[in-house]
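Every chain is numbered from 1, with letters handed out A, B, ... down the list of sequences.
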Amino acid sequence: MTFETRLAKTIKLALESLFNLNVEFQSITLQPTRKEFEGDFTLVVFPYVKASRRSPEETARMVGEFVQSQLEIIASFNVIKGFLNFSLKDEQWIGFINEASGNNSYGTLAPAGNDPVVVEYSSPNTNKPLHLGHVRNNLLGYSVSRILEAAGNKVFKVNLVNDRGIHICKSMLAWIKWGTGETPESSGKKGDKLVGDYYVLFEKEMRKEAAQVAATTGCDDETARNNAPLMAEARELLRKWEAGGQDVVGIWKMMNQWVYDGFHSTYKRMGVDFHKIYYESETYLLGKEIVNEGLASGAFFRKEDGSVWVDLSDEGLDQKLLLRSDGTSVYMTQDIGTAQLRYDDYKATRMIYVVGNEQNYHFDVLRRVLGKLQKPYSEHLFHLSYGMVELPEGKMKSREGTVVDADELMEEMYKTARETTEALGKVDGFTEDEKQELFETIGMGALKYFILKVDPKKNMLFNPNESIDFNGNTGPFIQYTHARICSILRKAAETGLDKQQYKVEAIALNNKEKILIRSLYGFPQVVQQAAAEMSPAQIANYVYDLAKEFNQFYHDHSVLNEPDPDVSRFRLDLSLLTARVIKTAMGLLGIKVPERM
RNA sequence: GGUUCCGUAGCUCAGUUGGAUAGAGCAACAGCCUUCUAAGCUGUGGGUCAUUGGUUCGAAUCCAAUCGGAAUCACCA
């Protein structure tokens, strides 16, 4: 039973016997006492003054006295206005550290197995390399998966690759027309970059044509683009692909494989992975069947031109297209199919889609459409919607060349980590391999933390001209704190301090120790909360505070040079648990922590 | 125009589900390495929590309106 639970139970008893007031146990909320006041847990008594018919101070004093006399873990209490602050006995806190420092998986739960969750993330197109927006998506998806696992869920990470459609045909067409057989091997380019270049080439040439069309016919931009001869060729290619034309499918497979090879290395460096990869080319037909079922059951309707629609006007939305008049499927059709497939594959109780907030409307419609179909899982879809990464000049635009490429960004982070670390002279005793690994750890740590510390639903700003910081509220700051602790642990192992025992009653906690202990004590709750809200940012902010608190403790008090052997030994446990929580928390963000840096 | 989201220090962001005097980092300035790693620690300055009302013991947090910004409203994905 947690300290809070025991306190709350006694408080409930106090309210009953002192004021004849019966309150819901759940409604008694204790909060950590703010640092500027003395105490560990605070009860706000204002809600009870009506029933007590006494002043807030008097009410608090009476409850405090009752609780202190009944509950042996309480050392003292104080009252400030309507705030009742309880202090726990030191031995309780020390006992907690003693127990938790012996628990290798402190803060996380074992997977229950009966509550499978599917997290879809990444879901790239195969015509463009991954950029900063994808980085946010991937880091969020991976981290949320880890956090849900830590909260006891069985998690399946899946990726749905958008490998078909008109956009792929554009890259293919450009490669066929102007590629002269170029391959990743012959060009030395990464496969996804190569294919992306042909997509850009197509757009460039097509725009030239469109400009001519517009000049001769005087039509608007959009019409001009649709009437460009290259667009007609691309559509023809798509028809051939859908008809299963051998040569087209061959090129398609080859070029997609180049892209997958390229993505694979990007994913690997980013440290993300998947249980299963779905391909739209393999799933896009499934949605049609379901739509036809809906048509038969009357959930959907057909218009005169043959197109199929759902009417959501009774739910305050619009009519939405589900099948084109030529019978081909649209985005929504595909998502209806993949939702069903995923449900069949995993019997998931929750299906989480990590997708940008520009698709909020789409997922709102998807859930309602599945509801119309009376699918049991329609209530269990969750769109984890995240904000865009913006540059100082606004949105990233590929046309203006302001897209921040994922590979280049990671390489940049590596270089900055190397320069900074070497300038500090921190790697003198390192082998070449160890250096490489350390620079990578620090560079990726800085990048990941920078992105994950921001609340997912908010837009965030990235300024390419200012390198991501390594000081202050950053990944390297936290990594550094971990490395410092590891240094203490190594030395303690050399002197044999870690083998000794200590006497609880010989220790009186100081303020910095208490603050640190309370933070450590709160870790499991933070994990649960982050899982409930699917917010890695909560983990990030927690672990930053923890690292800061350790640094303050470290600055004011020594572990190894402490003359009192009991205190020294206890502080070693405190440090050990801090290091472990830092490592676990950073792991939930997909960030490694070095033992030396 | 409809819908959804956002607005907190010069900049980037927190703010524990309605609690005490709104916090960090960066940037600026001033200190701290003979002591477990100075990627650290300490201090100074910086705020009408967009605005106005409402709800109540109590509001950055909840409600309404207004202002400002973003996304979306395709037989694109």
Side-chain angles (χ1 to χ4, degrees), chain A residues 29 31-34 36-37 42 44 46-47 49-50 56 80-83 85 123 125 162 164-167 222 280 303 305-309 316-318 320-326 328-332 334-335 356-362 364-365 385 387-388 390 392 394-395 420-421 423-424 426 442 446 450 453-455 457-463 466 469-481 483-492 522 525-526 529 533 537-538 540-542 544-545 547-548 551-552 554-562 568 571-572 575 596-597:
Chain A
T29 53
Q31 42 198 296
T33 303
R34 294 178 58 145
E36 55 269 38
F37 302 101
T42 296
V44 182
F46 289 113
V49 296
K50 230 174 224 167
I80 300 169
K81 292 192 276 185
F83 298 89
N85 303 320
S123 302
N125 292 336
N162 176 15
R164 62 166 288 279
I166 191 74
H167 49 290
E222 199 183 323
E280 253 177 40
K303 288 195 177 174
D305 62 3
S307 54
V308 177
W309 296 72
L317 297 182
D318 236 336
K320 189 81 186 170
L321 179 85
L322 298 176
L323 282 179
R324 294 193 187 97
S325 50
D326 63 4
T328 57
S329 60
V330 292
Y331 184 36
M332 188 61 69
Q334 292 168 172
D335 265 359
N357 63 11
E358 72 262 13
Q359 294 193 27
N360 285 354
Y361 181 68
H362 171 79
D364 193 14
V365 171
S385 160
M388 334 210 75
E390 288 172 336
K395 223 179 145 176
T420 310
T421 307
L424 289 167
K426 297 267 188 172
I442 294 172
F450 176 81
K453 78 172 175 179
V454 180
D455 182 347
K457 69 170 184 287
K458 289 191 175 173
N459 287 1
M460 62 176 292
L461 189 104
F462 174 80
N463 188 345
E466 296 172 10
D469 246 301
F470 283 40
N471 298 321
N473 188 355
T474 67
F477 168 89
I478 298 160
Q479 290 172 324
Y480 175 70
T481 306
R484 270 177 148 182
I485 299 174
C486 287
S487 177
I488 297 175
L489 299 180
R490 278 193 300 272
K491 288 188 173 141
Q525 273 190 348
V526 171
Q529 184 77 14
E533 298 187 13
Q538 297 193 10
N541 288 307
Y542 166 80
Y544 169 65
D545 283 335
K548 208 162 45 136
N551 281 328
Q552 288 173 14
Y554 178 94
H555 180 266
D556 291 357
H557 308 283
S558 182
V559 177
L560 302 176
N561 299 327
E562 163 61 40
S568 176
R571 286 182 184 163
L572 187 65
S575 304
R596 287 188 295 160
M597 74 181 271

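- The separation of B:G45 from B:G10, taken at their C1' atoms, amounts to 13 Å, rounded to a whole angstrom.
- In this structure, of B:G7, B:A71, B:C76, it is B:A71 that holds the atom nearest to the side chain of A:N357.
- With rounding to whole Å, A:M388 atom CE is found 14 Å from B:G69 atom C1'.
- B:A20 and B:A60 are spaced 9 Å apart, taking the P atom of each and rounding to whole Å.
- Straight-line distance from the OH atom of A:Y542 to the C1' atom of B:G15: 17 Å, rounded to whole Å.
- Separating the C1' atom of B:U44 from that of B:G68 is a span of 34 Å, rounded to the nearest Å.
- One atom, CD of A:Q552, and another, P of B:C36, lie 19 Å apart when rounded to the nearest Å.
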Requested in this report: Kindly determine whether A:L317 and A:Y361 satisfy side chain to side chain contact (heavy atoms under 4.5 Å, CB included), including the steps that lead there.
Outcome: CA-CA 10 Å; A:L317 297 182; A:Y361 181 68; 4.0 Å; yes
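- Atoms CD (A:E36) and P (B:G19) sit 15 Å apart, rounded to a whole Å.
- In this structure, of B:G19, B:G40, B:U17, it is B:G40 that holds the atom nearest to the side chain of A:H555.
- Contact annotation: A:R324 reaches the phosphate of B:C76 (side-chain N/O to OP1 or OP2, under 4.0 Å).
- For B:G7, the OP1/OP2 oxygens have a side-chain nitrogen or oxygen of A:K458 closer than 4.0 Å.
- Taking atom C1' on both nucleotides, B:G46 is separated from B:U12 by 16 Å, rounded to a whole Å.
- If you check B:U72, B:A20, B:G40 against the side chain of A:Y361, the one that comes closest is B:U72.
- Within the 4.0 angstrom heavy-atom criterion, base atoms lie near A:F83.
- Contact annotation: A:R34 does not reach the phosphate of B:A22 (side-chain N/O to OP1 or OP2, under 4.0 Å).
- Base pairing of B:A77: no nucleotide in any strand meets the Watson-Crick or G-U wobble criterion (both distances under 3.5 Å).
- The side chain of A:N551 lies closest to B:C41 when the candidates are B:C41, B:A39, B:C36.
- Comparing B:A39, B:U4, B:A24 against the side chain of A:Y480 picks out B:A39 as the nearest.
- Across B:A70, B:C36, B:U16, the shortest atom-to-atom separation from the side chain of A:E390 is found for B:A70.
- Minimum atom distance to the side chain of A:E358 is reached by B:U72, of the listed B:U72, B:C76, B:A20.
- Comparing B:A20, B:U37, B:A70 against the side chain of A:N85 picks out B:A20 as the nearest.
- B:U52 has its base anti relative to the sugar, with a glycosidic angle deviating from 0 by more than 90°.
- Each of B:A71, B:C36, B:C41 was ranked by its minimum atom distance to the side chain of A:S487; first place goes to B:C36.
- For the pair A:N471 CG and B:G25 P, the interatomic distance rounds to 11 Å; values are reported in whole Å.
- Look at B:U72: its Watson-Crick or wobble partner, with both distances under 3.5 angstrom, is B:G2.
- Within 4.0 Å (heavy atoms only), A:M597 reaches at least one base atom of the nucleic acid.
- Put simply, CG on A:L424 is 11 Å from P on B:A38, counting in whole angstrom units.
- B:C29: glycosidic angle beyond 90° from 0, hence anti.
- Here A:K426 reaches the OP1 or OP2 of B:A39: one of its side-chain N or O atoms lies under 4.0 Å away.
- Rounded to an integer number of Å, the gap from NZ of A:K395 to P of B:A70 is 11 Å.
- The pairing partner recorded for B:G10 is B:C26, the criterion being a Watson-Crick or G-U wobble arrangement whose two distances lie under 3.5 angstrom.
- What separates CG of A:L560 from C1' of B:U37 is a distance of 12 Å, to the nearest Å.
- Contact annotation for A:D455: backbone-only contact, meaning every heavy-atom pair under 4.0 Å involves sugar-phosphate atoms and none involves a base.
- Comparing B:C41 with B:C5, their C1' atoms are spaced 40 Å from each other, to the whole Å.
- In this entry B:C32 has B:G40 as its Watson-Crick or G-U wobble partner, both defining distances falling under 3.5 Å.
- Nearest nucleotide to the A:E280 side chain, out of B:C36, B:G19, B:A77: B:A77.
- Contacts of A:I442 with the nucleic acid, taken as non-hydrogen atoms under 4.0 Å apart, include base atoms.
- With centres under 5.5 Å and a plane angle under 30° as the test, the ring of A:F477 is not stacked against the base of B:A39.
- Of the side-chain N and O atoms in A:K491, one or more sit less than 4.0 angstrom from OP1 or OP2 of B:U37.
- Here the separation of B:A74 from B:U66, taken at their C1' atoms, is 32 Å to the nearest Å.
- Nucleotides B:G47 and B:U34 have their P atoms positioned 38 Å apart, rounded to a whole Å.
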